[in-house]
Colleague: 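Quick one: this structure, given as structure tokens, is what I'll be asking you about.
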Amino acid sequence: MSALKFASSLDRLGTESAFVVLARAQALAAAGKEIINLGIGQPDFRTPDHIVQAGIQALEEGYHGYTPANGLPALREAVAEDLYARNDVTVNPNNVVIVPGGKPTMFFAVLMFGEPGVEIMYPNPGFPIYESVIRYSGATPVPIPLKEEAGFSFAAEDVLAKIAPDTRLIIMNSPSNPTGGVVDEAELDKLAKGLEDHPQVAILSDEIYSHMLYGGRTHKSLLSYANLKDRVIMLNGWSKTYAMTGWRIGYAVWPESMVEHVTRLCVNDHSCVNASTQFAALAALKGPQDEAREMINAFDKRRQIIVAALNDLPNVRCADAAGAFYAFPNVSETGLSAEEAQDLFLEKGGVATIAGTSFGINGEGFIRFSYANSEDNILKAMERIRSLLS
Ligand code: PLP
């Protein structure tokens with residue numbers, strides 16, 4: 001037996017089941033089974049070439065050293081320009097902090113506010129890392145239930161009613177992983193107004209899927225609420241929009257009072273993001289957008305195909321998925337639990353999906369399908385599931 005004594009906080013740290021399912025799917029594939037992967041949440045496209053070239057060029061030109069901890073000034077300026085152009089919000093580049101992916105921002109925001117005795121609210125079903133890092137910090141996670149019948153949005157009054165004197169942070173995510181839902185703008189307006197009565201509450205708005213909105217919808221950033229300017233942290237990044245999950249780069253816009261704290265967390269944690277990735281990210285923002293747009297058009301087409309096909313399966317119903325690249329059908333009438341359905345689809349059908357319960361207790365009865373896969377594979381997967389459910 002080992003004499004090592006680990007910190008008890010490790011027992012509270014969760015994980016992201018998507019990686020567990022991916023490993024199982026890969027093991028089945030290695031054993032000769034043909035697997036269609038609708039589990040993993042990353043674009044199935046290559047990073048556009050001009051972005052890759054910018055990264056290579058930076059390496060060739062000798063950008064091999066540290067950069068400022070908060071990111072290259074040119075990149076932070078480009079982020080501010082992009083936010084102005086796309087979301088009509090004015091941001092000071094000094095409030096932009098570049099980090100290695102979308103995840104570090106959520107970790108740092110939760111570490112900044114979370115400790116025992118504190119409550120942090122988060123969407124459930126939601127990205128599993130929220131609940132995991134809230135627990136890790138010692139704070140109490142308070143779920144904001146997202147309901148199928150409300151398009152996986154929430155009523156502002158329900159959220160406001162859950163705010164306690166010890167609530168320090170509310171995490172929001174629209175468009176949402178895993179539901180594909182988008183928060184209703186009227187509810188967002190009401191929430192922003194209601195938060196005026198709770199000045200101790202900061203908001204982490206995870207807008208990493210903000211470019212992936214379909215059916216003519218437009219994105220309203222939480223940054224556009226002037227009355228919340230001193231307490232909204234807006235998380236975003238390149239992983240999804242530019243198919244750059246493996247490059248590890250993201251950013252957040254932080255309120256003035258938090259910039260120094262988060263920069264210190266960066267210095268302690270990772271020093272900076274590697275320079276070539278930052279040059280690639282700069283090229284992504286400044287260069288042609290057609291490939292990113294084509295990718296989103298492809299997702300939109302697949303979205304329509306998969307939602308229709310899911311609704312056509314026996315005892316399955318699927319709400320319209322308005323954003324991101326996920327469909328979140330209700331499978332409870334098949335008689336299977338979410339995990340049983342996930343295992344059946346993978347083991348017997350060779351289709352990797354993620355049980356809704358991987359995203360919190362309110363995900364029971366649902367399955368997340370990522371449609372970051374070809375139309376042919378999506379249709380083939382639907383046929384395999386149909387024969388399993390028939
Ligand atoms: N936020 C949400 C809602 C996500 O779904 C993901 C990735 O799946 C992330 C953040 C993390 O993105 P990154 O890979 O850039 O860390």
Side-chain angles (χ1 to χ4, degrees), residues 14-22 37-45 47 51 71 75 79 96-110 122-134 144 146 152-153 169-183 203-213 219 221-222 233-253 266 269-270 273-274 277-278 280-281 284-285 292 299 321-328 352-354 356 358-360 363 368-373:
T15 188
E16 198 182 338
S17 318
F19 287 98
V20 178
V21 171
L22 180 65
N37 196 340
L38 304 184
I40 195 78
Q42 72 175 340
D44 56 320
F45 294 88
T47 306
I51 300 176
L75 182 57
V79 166
V96 175
V97 179
I98 309 294
V99 283
K103 276 177 178 168
T105 293
M106 64 185 79
F107 200 45
F108 294 158
V110 170
Y122 71 103
N124 186 324
F127 191 51
I129 300 305
Y130 304 143
E131 187 179 339
S132 165
V133 294
I134 295 168
I144 300 171
L146 301 182
F152 296 110
S153 183
L169 182 68
I170 298 179
I171 302 178
M172 318 235 319
N173 171 221
S174 178
S176 149
N177 176 9
T179 70
V182 174
V183 172
I203 304 102
L204 169 63
S205 182
D206 182 343
E207 303 183 13
I208 203 154
Y209 294 103
S210 58
H211 301 312
M212 295 173 170
L213 270 172
H219 178 69
S221 173
L222 260 264
I233 305 157
M234 196 281 280
L235 179 161
N236 215 315
W238 287 260
S239 293
K240 316 288 173 174
T241 316
Y242 297 101
M244 292 178 70
T245 51
W247 293 74
R248 303 317 296 144
I249 184 158
Y251 71 87
V253 179
C266 292
D269 180 70
H270 57 266
V273 174
N274 76 76
T277 290
Q278 294 191 60
L285 294 182
F299 283 143
F325 39 71
Y326 307 111
F328 202 58
T353 62
I354 313 280
S358 299
F359 305 95
R368 189 191 80 174
F369 285 79
S370 157
Y371 48 85
N373 206 321

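Order of appearance sets the numbers: ligands from 1, and atoms from 1 within every ligand.
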Colleague: Heavy-atom contacts with Tyr130 under 4.0 Å: which atoms of ligand 1 show up? List them by number with element.
Modeller: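 Those of ligand 1 that fall under 4.0 Å from Tyr130 are 3 (C).
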Colleague: Are Met106 and Ile171 side-chain neighbours, meaning at least one heavy-atom pair lies under 4.5 Å?
Modeller: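 Counting from C-beta outward, Met106 and Ile171 never come under 4.5 Å.
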Colleague: Is there side-chain contact between Glu131 and Phe359, with heavy atoms separated by less than 4.5 Å?
Modeller: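 Answer no - side chains too far apart.
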Colleague: Quick test: of every protein heavy atom, which one is nearest to atom 8 (O) of ligand 1, and how far off is it to 0.1 Å?
Modeller: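 Residue, atom and distance for the closest contact: Lys240 NZ, 2.7 Å.
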Colleague: How many angstroms lie between atom OG of Ser153 and atom CD1 of Ile144, to the nearest 0.5 angstrom?
Modeller: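 It is 10.5 Å, given to the nearest 0.5 Å.
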Colleague: Would you compute the distance between atom OG1 of Thr105 and atom CD1 of Ile233 and round it to the nearest 0.5 angstrom?
Modeller: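 Output value for this atom pair is 8.5 Å.
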Colleague: Are Pro43 and Phe299 packed together at the side-chain level, in the sense that at least one heavy-atom pair is separated by less than 4.5 angstrom?
Modeller: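 Side chain of Pro43 against side chain of Phe299, heavy atoms only: contact under 4.5 Å found.
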Colleague: For ligand 1, which atoms sit closer than 4.0 Å to a heavy atom of Ser239?
Modeller: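 Selected atoms, number and element: 13 (P), 14 (O), 15 (O).
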Colleague: Students should be able to answer this: which protein heavy-atom is nearest to atom 12 (O) of ligand 1, and at what distance?
Modeller: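 The protein heavy atom lying closest is Ile208 CD1, 3.6 Å.
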Colleague: Using the ring-ring contact (aromatic ring centres under 6.0 Å, His included) criterion, which residues pair with Tyr130? Sequence neighbours excluded.
Modeller: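 Scan of Tyr130 (ring-ring contact (aromatic ring centres under 6.0 Å, His included), adjacent residues dropped) gives Phe127.
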Colleague: Has ligand 1 got any nitrogen or oxygen that is less than 3.5 angstrom from a nitrogen or oxygen of Lys103?
Modeller: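 The answer is yes, given that Lys103 and ligand 1 share an N or O pair closer than 3.5 Å.
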Colleague: Looking only at heavy atoms, is any part of Tyr251 under 4.0 Å from ligand 1, and if so is it the side chain, the backbone, or both, or is it neither?
Modeller: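 The answer is neither.
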Colleague: I'd like to check Leu75 versus Val96 (side-chain heavy atoms, cut-off strictly below 4.5 Å). Are they in contact?
Modeller: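 The answer is no; the side chains never approach within 4.5 Å.
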Colleague: Considering only the protein, which heavy-atom contact is closest to atom 14 (O) of ligand 1, and what is its distance?
Modeller: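 In this structure, atom 14 (O) of ligand 1 has Arg248 NH1, 3.1 Å as its nearest protein heavy atom.
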Colleague: Phe328 and side chain to side chain contact (heavy atoms under 4.5 Å, CB included): which single residue from Thr179, Ile354, Asn177 fits?
Modeller: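 Testing Phe328 for a side chain to side chain contact (heavy atoms under 4.5 Å, CB included) against Thr179, Ile354, Asn177 leaves exactly one candidate, Thr179.
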Colleague: Applying a heavy-atom cut-off of 4.0 Å, say which part of Met106 lies close to ligand 1: side chain, backbone, both or neither.
Modeller: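 For Met106, only side-chain atoms sit under 4.0 Å from ligand 1.
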Colleague: Tell me whether ligand 1 is touched by Thr245 - counting only heavy atoms on the residue side and a distance under 4.0 Å.
Modeller: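 Checking ligand 1 against Thr245, which is what was asked, there is no heavy-atom contact under 4.0 Å.
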Colleague: Within the structure, is a non-hydrogen atom of Gln42 found at a distance of less than 4.0 Å from ligand 1?
Modeller: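 Contact check Gln42 vs ligand 1: negative.
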Colleague: In terms of atom number and element, which parts of ligand 1 are under 4.0 angstrom from non-hydrogen atoms of Gly101?
Modeller: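 Near Gly101, meaning under 4.0 Å from one of its heavy atoms, ligand 1 has 15 (O), 16 (O).
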Colleague: Polar contacts were defined as any N/O atom of the residue lying under 3.5 Å from an N/O atom of the ligand; does this apply to Asn177 and ligand 1?
Modeller: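 Indeed, backbone or side chain, Asn177 has an N or O that close.
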Colleague: Provide, to 0.1 Å, the distance between atom 13 (P) of ligand 1 and the closest protein heavy atom, together with that atom's residue and name.
Modeller: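 Checked against all protein heavy atoms, atom 13 (P) of ligand 1 sits closest to Gly102 N, 3.3 Å.
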Colleague: Measure the distance from atom 3 (C) of ligand 1 to every protein heavy atom, then report the residue, atom name and distance (to 0.1 Å) of the closest one.
Modeller: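 Of every protein heavy atom, Asp206 OD2, 3.2 Å lies nearest to atom 3 (C) of ligand 1.
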Colleague: Using the test ring-ring contact (aromatic ring centres under 6.0 Å, His included), find all partners of Tyr209 that sit at least two apart in sequence or belong to another chain.
Modeller: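 Listed in chain order: Phe325, Tyr326.
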Colleague: Side chain or backbone of Trp238 under 4.0 Å from ligand 1, or both, or neither, by non-hydrogen atoms?
Modeller: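 None of Trp238 does.
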Colleague: For atom 6 (C) of ligand 1, which protein heavy atom lies nearest, and how many Å away is it?
Modeller: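 Answer, as residue, atom name and distance: Phe127 CZ, 3.5 Å.
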Colleague: As an exercise, state the distance from CZ of Phe152 to CG of Leu146, rounded to the nearest 0.5 Å.
Modeller: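 So the CZ of Phe152 and the CG of Leu146 are separated by 8.0 Å.
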Colleague: Within the 4.0 Å heavy-atom shell around Asn173, which atoms of ligand 1 are there?
Modeller: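 It comes down to these atoms of ligand 1: 3 (C).
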Colleague: Determine yes or no for a side-chain-to-main-chain donor-acceptor pair under 3.5 angstrom, with Thr47 supplying the side chain and Ala243 the backbone.
Modeller: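 Between the backbone of Ala243 and the side chain of Thr47 there is a qualifying donor-acceptor contact (under 3.5 Å).
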